[in-house]
Amino acid sequence: MGKTIHSPQHQKLRELLVAARRKAGLTQHEVAERLGRPQSFVAKVEGGERRLDVIEFVALARVLGADPVKLLRKLIAET
């Protein structure tokens, strides 16, 4: 398996995360503050410059008020 950061699946994951953030009515800055990370972290994740590990994904989903399992199920169903 090659690098997945530019794959259609990774693009879909980013789209799901951005949609969840917008649904929560949060800015990248607000998400970053809640995560204790710089805003650039969120921008790089959403922009496809950085991958998340599973622990970061779960933390991000929770900050967004989203169920990480449901997000993964949606990703699997749509890719």
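Just so you know, these numbers use all the heavy atoms, side chains as well, and skip hydrogens, waters and symmetry mates.
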Visitor: Just so I know, are the side chains of L13 and Q9 near enough to count as touching, which here means a heavy-atom distance under 4.5 Å?
Guide: no
Visitor: Looking only at non-hydrogen atoms, find the nearest pair between L17 and L71 and report the distance.
Guide: CD2-CD1, 4.1 Å
Visitor: Hey, is CZ on R50 packed in by over 12 heavy atoms from elsewhere, all under 6.0 Å?
Guide: yes
Visitor: How long is the span from the CZ atom in R34 to the NE2 atom in H29, to the nearest 0.5 Å?
Guide: 11.0 Å
Visitor: Which heavy atom of L52 sits nearest a heavy atom of F57, and at what distance?
Guide: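 Reported closest heavy-atom pair: CD1-CA, 4.0 Å.
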Visitor: Roughly how far, to the nearest 0.5 Å, is the NE2 atom of H6 from the CD atom of E49?
Guide: 9.0 Å
Visitor: Rounded to the nearest 0.5 Å, what's the gap from CG on L60 to CZ on R37? Could you check?
Guide: 10.5 Å
Visitor: Which atom names give the shortest non-hydrogen contact between A20 and L64, and what distance separates them?
Guide: CB-CD1, 3.9 Å
Visitor: Consider only side-chain heavy atoms of I, L, V, M, F, W and Y, link residues closer than 4.5 Å, and tell whether F41 and V18 are in one cluster.
Guide: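 In one cluster: no.
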Visitor: Would you name the heavy atoms of R21 and L26 that are closest together and state the gap between them?
Guide: NH1-O, 3.0 Å
Visitor: Identify the two heavy atoms, one from R14 and one from V45, that lie closest to each other, and give their separation to 0.1 Å.
Guide: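 That would be CD-O, 3.1 Å.
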Visitor: Does E46 reach the main-chain N or O of A43 with its side chain, forming a donor-acceptor pair under 3.5 Å?
Guide: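 No: the side chain of E46 does not pair with the backbone of A43.
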Visitor: How many angstroms lie between atom CD of E78 and atom CG of L16, to the nearest 0.5 angstrom?
Guide: 6.0 Å
Visitor: So which heavy atom on V42 is nearest to which on V31, and how close?
Guide: CG2-CG1, 3.9 Å
Visitor: Using a strict 4.0 Å threshold on nitrogen-to-oxygen distance, state whether E56 and R51 make a salt bridge.
Guide: no
